[in-house]
Amino acid sequence: MNQEPLPAALAAYAGAGERGAPYELLAEREDGTVVRCGEIVAKAHAGDSDRAGLAVRMRIAADEALAGVLLAPLRPEVGYLGGRPVSLWPYGAPVDPERPEDAPWEAAGRLLAALHRVPVHRLPGPVPPMRGPAKLARALRRLSRATAPDAVRGRDGARSADGARGPGGTRPGTAHVPGPAEGRPAGDLVRAAARTLPPWVRGEAPAPRGGTLCHGDLHLGQLVRGPGPDGGWRLIDVDDLGIGTPAWDLARPAAWYAAGLLDTGAWVRFLDSYRAAGGPAAGPPDSDPWPELDLAARALTVQTAALALAKSAESHRRLEDVERLMVESCARIASLPPDLEPQPPS
């Protein structure tokens, strides 16, 4: 990268070598750095990405079977920059976070249903597994690292992990959470909730066989307005795309609804749109969706809470209100009997 900061090097890559070209940094996280340079978006994927799996995912996104569902890359091939995989995409306008009333829940439901109905045998392969369980396992490992005694040594007096203090106060991840498990440390609640999930959901055993193409990380930030005359919504971010249990793609809105973070109207619009478009993961219209969605929603709740506690510990800050609600949901999950047997895919 010629010692350039990664965003600037990405912009040069997107601009075909036009160094110094203006760019906008869209995201900079441990799992990826994304910049916009004109109408081109360049993404540097995580350094530890499964490169063979990413190459297949890129070819799938470019396949005509996904036209109108996934935003197609500008190139189906993966490039490399400073040893990191890089992909190029057309710019698409994202959901406006300042206007939640305009959130495209119906479009999200239709797109997911279309994705779940794609004949997998027609896609470039071998199609890798959806990475949902692997992400839950990673979140739990990060929580353990962030709240281990060695991780908090030297933080004396620093606020972290939902208001906890370092040595000399309460260790991060040990602050108490109100609710059905009054008096138990927050980190223990999240780990207890994780233990109610089957081993395959925690990434500790092979997942049940499934034949459905899944996005793996669905939320409103994964929708953009596609380029071209129709300007329709498209799904983006193929890092977690793969074969799996389709209920996982409905897990985040289901978990938000269960925690009181998503209003009933938005949830119903999303669910009804998904079912009306033939989505297979939530049962038939007018039926109770929770027998299909409960396990995935609980898994996503544990993942979100584990990441929230880990990040708050690492940055020495209190939990935000939304994060605390997810931890409190883990208290309810921890009181449930464990799922001892793998659940069949929907």
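Quick caveat: nothing in here was measured; it's all calculated off a predicted structure.
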Quick check: is Leu71 connected to Ile40 through a chain of hydrophobic side chains (ILVMFWY, heavy atoms under 4.5 Å apart)?
no
Quick one: does any side-chain atom of Thr196 pair with a main-chain N or O of Ala192 as donor and acceptor, under 3.5 Å?
no
Between Pro90 and Leu74, the two heavy atoms sitting closest are N-CG, 3.6 Å
Looking only at heavy atoms, what is the nearest atom pair of Val238 and Ala61, with distance?
CG1-CB, 3.9 Å
Would you confirm whether His215, through its side chain, and Ile236, through its main-chain N or O, come within 3.5 Å as a donor-acceptor pair?
yes
Transitively linked via ILVMFWY side-chain contacts under 4.5 Å: Ile243 with Val69?
yes
So Val190 and Leu309, do their side chains get closer than 4.5 Å, heavy atoms only?
yes
Are more than 12 heavy atoms, taken from residues, nucleotides or ligands other than Asp102, located less than 6.0 Å from that residue's CG atom?
yes
How about CZ on Arg138, more than 12 heavy atoms from neighbouring residues, nucleotides or ligands closer than 6.0 Å, or not?
no
I'd like to know if the side chain of Asp263 and the backbone of Ala266 have a donor-acceptor N/O pair within less than 3.5 Å.
yes
Any chain of hydrophobic side-chain contacts (each under 4.5 Å) joining Leu112 to Val95?
yes
Are Thr245 and Thr212 side-chain neighbours, meaning at least one heavy-atom pair lies under 4.5 Å?
no
If we only count heavy atoms from C-beta on, is the Arg252 to Gln222 side-chain gap below 4.5 Å?
no
Is a donor from one side chain sitting under 3.5 angstrom from an acceptor on the other, for Arg332 and Ser329?
yes
Using a 4.5 Å cut-off on heavy atoms from C-beta on, say whether the side chain of Ile60 contacts that of Val118.
no
Heavy atoms from other residues, nucleotides or ligands near CG of Asp321 exceed 12 (cutoff 6.0 Å):
no
So Ser87 and Pro73, do their side chains get closer than 4.5 Å, heavy atoms only?
no
Arg57 side-chain N/O to Leu241 backbone N/O, donor-acceptor pair under 3.5 Å
yes
Closest non-hydrogen contact found for Leu336 with Arg298 is CD1-CD, 3.8 Å
Side chain to side chain contact (heavy atoms under 4.5 Å, CB included) for Leu223 and Leu111? Distances and angles first, verdict last.
CA-CA 9 Å; Leu223 276 78; Leu111 288 169; 4.2 Å; yes
Considering only heavy atoms from C-beta outward, does the side chain of Arg51 approach that of His45 to under 4.5 Å?
no
For Glu101, I'd like to know if atom CD has over 12 heavy atoms of other residues, nucleotides or ligands within 6.0 Å.
yes
Arg275-Ser287 side chain donor-acceptor pair, cut-off 3.5 Å
yes
Trp200 reachable from Leu300 in the ILVMFWY side-chain graph, under 4.5 Å edges
no
Nearest heavy-atom contact between Ala46 and Pro85 is O-CD, 3.8 Å
Tyr274 (side chain) donor-acceptor with Ala281 (main chain) under 3.5 angstrom
yes
Quick check: does any side chain N or O of Arg117 sit under 3.5 Å from a backbone N or O of Ala277, one acting as donor and the other as acceptor?
yes
Is there a donor-acceptor contact under 3.5 Å from the side chain of Arg269 to the main chain of Trp105?
no
Provide the closest heavy-atom pair for Tyr91 versus Gly38 in the form atom of the first, atom of the second, distance.
CB-O, 4.5 Å
Plane angle bin for Trp267 and Tyr257 - parallel if under 30°, tilted between 30 and 60°, otherwise perpendicular:
parallel
Under a 4.0 Å N-O cut-off, is there an ion pair linking Asp237 with Lys43?
yes
Would you say the side chain of Leu218 lies within less than 4.5 Å of the side chain of Leu250, judging by non-hydrogen atoms?
no
With rounding to the nearest 0.5 angstrom, report the NZ to CH2 distance, Lys135 to Trp248.
10.5 Å
Identify whether Val302 and Leu325 are in the same connected component of the hydrophobic contact network (ILVMFWY, side-chain heavy atoms under 4.5 Å).
no
Contact between Met58 and Arg75 at the side-chain level, heavy atoms closer than 4.5 Å - yes or no?
no
Looking at every non-hydrogen atom in both residues, tell me the closest pair between Pro7 and Glu28 and how far apart they are.
CG-OE2, 3.9 Å
Separation between CD1 (Ile333) and CG (Leu197), nearest 0.5 Å, reads 7.0 Å
